[in-house]
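Working notes for the structure below.
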Amino acid sequence: MTMYKQIILIFLFSIDGISAFSQKDNTQAFVFSNNVKYNSVTLNYINDRIYIPVTIENGIECNLFLDSGINNVLLDSSFIARNRTKLNLAINSHNKYYYTSIDGNYRFYPTLFIWKKNAERKRSLKIQIGNSIVFEEHPIASGKRDDAIASGIFPLHLLAKDRIANIDVEEKKITLLDKIDNKSDSIHFEMDPSTSAPSINTSIRIHANDTSYLLNGPFLLDLGFRGDLVLSESVLKNQLNKVPNQEFSYASATIGNISTVKESYNISLDIDNIHTKNATIVYSKSLPPNIRGIIGMGILKHINFAVDYHKHFFHYHMEYPFIQNAPRTVDEKSFGINLIKKSSLLYIGRIRKGGKADL
């Protein structure tokens with residue numbers, strides 16, 4: 001009898017040991033090394049955009065929008081004008097170029113070079129993030145932008161430089177590391193020369209109406225795009241012509257124009273080992289050269305991911321597939337503005353008295 005009890009106890013201990021090992025292994029599926037120094041940056045996540053609080057020139061506090069698809073620090077010209085005494089800056093209007101957003105909305109921001117006031121030379125600014133991260137950068141100035149929260153844009157590749165930037169929207173923090181335990185899924189990326197965004201060469205499988213479509217990369221990882229996925233209209237025409245889509249005209253008071261865009265709703269996507277349902281695809285008339293599509297924050301916000309700018313790897317971990325909040329429907333409540341349907345085109349704008357639309 002004693003022998004049987006010993007056998008049972010050994011069996012129970014074995015099960016307990018296996019369970020403990022399995023649980024430990026699962027909890028360490030995506031772990032960053034704790035034995036190296038790192039900096040942690042607090043982020044604000046508002047309307048599917050990442051903002052980081054910064055201090056400029058030892059006293060001017062503001063928010064900068066974090067973007068992975070821009071080359072330089074960008075400050076709004078209105079912000080520079082409000083703080084021109086403290087910044088001691090002037091804008092050189094003789095040298096200008098246009099920064100074009102890559103989210104398919106065709107937003108052109110007049111961009112000017114910043115110079116030291118009363119001097120014919122460029123001026124670098126001290127930009128501090130948190131208590132220990134300091135940059136000496138020569139920013140550029142943009143014209144009118146549609147962001148009421150941020151005073152400019154900060155590039156992700158500048159923040160991370162040759163390090164690893166772990167972005168966790170749920171925890172509201174960015175951790176800068178020198179090393180990572182490679183127990184995550186990972187995809188190698190290249191820096192896209194036209195946007196400075198990470199470009200991953202992977203495949204996306206699209207599921208719509210019981211049919212699957214396979215698209216091969218490369219795809220940009222763009223923190224500046226609020227949506228899920230951007231593809232070109234040529235892909236819609238040549239490969240996804242059976243995927244349902246709708247055409248809309250968006251009236252924007254901040255940009256001052258009307259843009260027409262095609263969209264597909266409630267799509268299931270498989271991107272490597274990332275799985276999502278109820279995604280939206282926006283079709284752009286043009287994309288950067290050799291780029292198949294753009295993956296935005298609508299998808300990235302659901303996963304814990306890291307961008308390694310030293311070895312050029314995109315690391316991520318998903319414990320389970322995620323589903324967007326609800327299937328997308330087009331109605332007044334979802335947009336917060338009135339909708340007018342005219343023929344097959346849906347105009348979005350405010351309703352004036354008398355039944356006419358302000359577009």
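Side chains are part of it too, since the values below use all heavy atoms of this structure and drop only hydrogens, waters and symmetry mates. Keep in mind it's a predicted model, so treat the numbers as computed, not measured.
- Although no hydrogens or angles enter the test, the distance criterion places no donor-acceptor pair under 3.5 Å between the side chain of Ser77 and the main chain of Ala141.
- Side-chain contact check for Ile133 versus Leu176: some heavy-atom pair is nearer than 4.5 Å.
- Counting only heavy atoms from C-beta outward, the side chains of Ile267 and Tyr265 never approach each other to under 4.5 Å.
- Asn245 and Ser264 are not linked by any side-chain donor-acceptor pair at a separation below 3.5 angstrom, with hydrogens and angles left out of the test.
- How far CG of Leu287 is from OG of Ser232: 5.5 Å, rounded to the nearest 0.5 Å.
- Defined by atom type and a distance below 3.5 Å, a donor-acceptor pair is missing between the side-chain atoms of Ser124 and His138.
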Item to complete: Report the C-alpha separation of Asn209 and Val243 in whole Å, then their side-chain angles, then the decisive distance to 0.1 Å, and conclude whether the side-chain contact (heavy atoms from CB on, under 4.5 Å) test is met.
Response: CA-CA 7 Å; Asn209 288 348; Val243 175; over 6 Å; no
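- For Ile129 against Pro53, the heavy-atom pair with the smallest separation is CG2-O, 4.2 Å.
- Counting heavy atoms from C-beta outward, Ser68 and Pro198 have side chains that approach closer than 4.5 Å.
- Put simply, the side chain of Leu269 does not reach to within 4.5 Å of the side chain of Arg205, judged on heavy atoms.
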Practice prompt. Could you go through the ring-ring contact (aromatic ring centres under 6.0 Å, His included) check for Phe313 and Phe189 one step at a time?
Written response: CA-CA 6 Å; Phe313 273 98; Phe189 70 80; 7.9 Å; no
Worksheet item: Would Phe219 and Leu231 satisfy side-chain contact (heavy atoms from CB on, under 4.5 Å), going step by step from the backbone distance to the final call?
Response: CA-CA 9 Å; Phe219 300 94; Leu231 298 175; 4.3 Å; yes
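- For the residue pair Tyr316 / Asp272, a side-chain donor-acceptor distance below 3.5 Å is found, with atom types taken as modelled.
- Of the charged side-chain nitrogens involved, at least one lies within less than 4.0 Å of a carboxylate oxygen, so that Arg49 and Asp147 count as a salt-bridged pair.
- Contact record, Leu75 with Pro139: CD1-CG, 3.9 Å, taken as the closest heavy-atom pair.
- Atom CD1 of Ile204 and atom CD1 of Ile271 lie 4.0 Å apart (nearest 0.5 Å).
- For the atom pair CG (Leu221) and CD1 (Ile200), the distance works out to 4.5 Å, reported to the nearest 0.5 Å.
- Proximity of a side-chain donor or acceptor of Thr42 to a complementary backbone N or O of Lys173 within less than 3.5 Å is not detected.
- Checked for salt-bridge contact, Glu57 and Arg123 meet the test: a charged N lies under 4.0 Å from a carboxylate O.
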Practice prompt. For Val261 and Glu263, run side-chain contact (heavy atoms from CB on, under 4.5 Å): C-alpha distance rounded to whole Å, both residues' side-chain angles, the deciding distance at 0.1 Å, then the answer.
Written response: CA-CA 7 Å; Val261 65; Glu263 300 178 358; 3.7 Å; yes
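- Residues Val134 and Ile56 are members of separate hydrophobic clusters, defined by side-chain heavy-atom contacts under 4.5 angstrom among Ile, Leu, Val, Met, Phe, Trp and Tyr.
- With hydrogens and angles disregarded, no donor-acceptor distance shorter than 3.5 Å links the side chain of Arg84 to the backbone of Ala90.
- In this structure, the side chains of Ile52 and Val54 come closer than 4.5 Å at one or more pairs of heavy atoms.
- Of all heavy-atom pairs spanning Arg163 and Asp178, the tightest one is NE-OD1, 3.0 Å.
- Here the closest non-hydrogen pair linking Asp222 and Gly69 is OD1-N, 4.1 Å.
- Between Ser151 and Asp76, the side chains place no donor N or O within less than 3.5 Å of an acceptor N or O (distance only, hydrogens not considered).
- Of the residues Gln128, Lys86, Lys126, the one that meets the side chain to side chain donor-acceptor pair (under 3.5 Å) test with Asn58 is Lys126.
- Closest approach of Lys116 to Asn88, counting heavy atoms only: CE-ND2, 3.7 Å.
- Across Leu236 and Lys262, no two heavy atoms sit closer than the pair CD2-CD, 3.9 Å.
- Using a 4.5 Å heavy-atom threshold, the side chains of Glu233 and Lys285 count as touching.
- The CD1 atom of Ile153 sits 5.0 Å away from atom CG of Leu74, with the distance rounded to the nearest 0.5 Å.
- Interatomic distance, Ile149 CD1 to Asn44 CG, rounded to the nearest 0.5 Å: 8.5 Å.
- Checking Ser194 against Asp192 by side-chain atom types alone, a donor-acceptor pair falls below 3.5 Å.
- Residue Leu66 forms a side-chain contact (heavy atoms from CB on, under 4.5 Å) with just one option from Leu159, Leu43, Val41, and that option is Leu159.
- Once rounded to the nearest 0.5 Å, the distance linking CG of Leu229 with CD1 of Ile281 reads 5.0 Å.
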Item to complete: Test Asn304 against Asn166 for side-chain contact (heavy atoms from CB on, under 4.5 Å), laying out the working first.
Response: CA-CA 8 Å; Asn304 182 14; Asn166 170 222; 2.8 Å; yes
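- A side-chain N or O of Asp270 and one of His207 form a donor-acceptor pair less than 3.5 Å apart.
- Counting heavy-atom neighbours within 6.0 Å of Glu170 CD, excluding the residue itself, gives a total of 12 or less.
- Considering only heavy atoms from C-beta on, Pro155 comes within 4.5 Å of Val73 through its side chain.
- Using a 4.5 Å heavy-atom cutoff, the side chains of Tyr283 and Ser234 are not in contact.
- Separation of the Phe135 and Phe154 ring centroids falls under the 6.0 Å cut-off.
- At least one donor-acceptor pair closer than 3.5 Å links the side chain of Asp308 to the backbone N or O of His310.
- Between the side chain of Asp228 and the backbone N or O of Ile295 there is no donor-acceptor pair closer than 3.5 Å.
- Leu158 is connected to Met191 through a chain of hydrophobic side-chain contacts under 4.5 Å among Ile, Leu, Val, Met, Phe, Trp and Tyr, so both are in one cluster.
- Counting heavy atoms of neighbouring residues, nucleotides and ligands inside a 6.0 Å radius, atom CG of Asn290 does not exceed 12 of them.
- Residue Asn241 places its CG atom among more than 12 non-hydrogen atoms of other residues, nucleotides or ligands, all under 6.0 Å distant.
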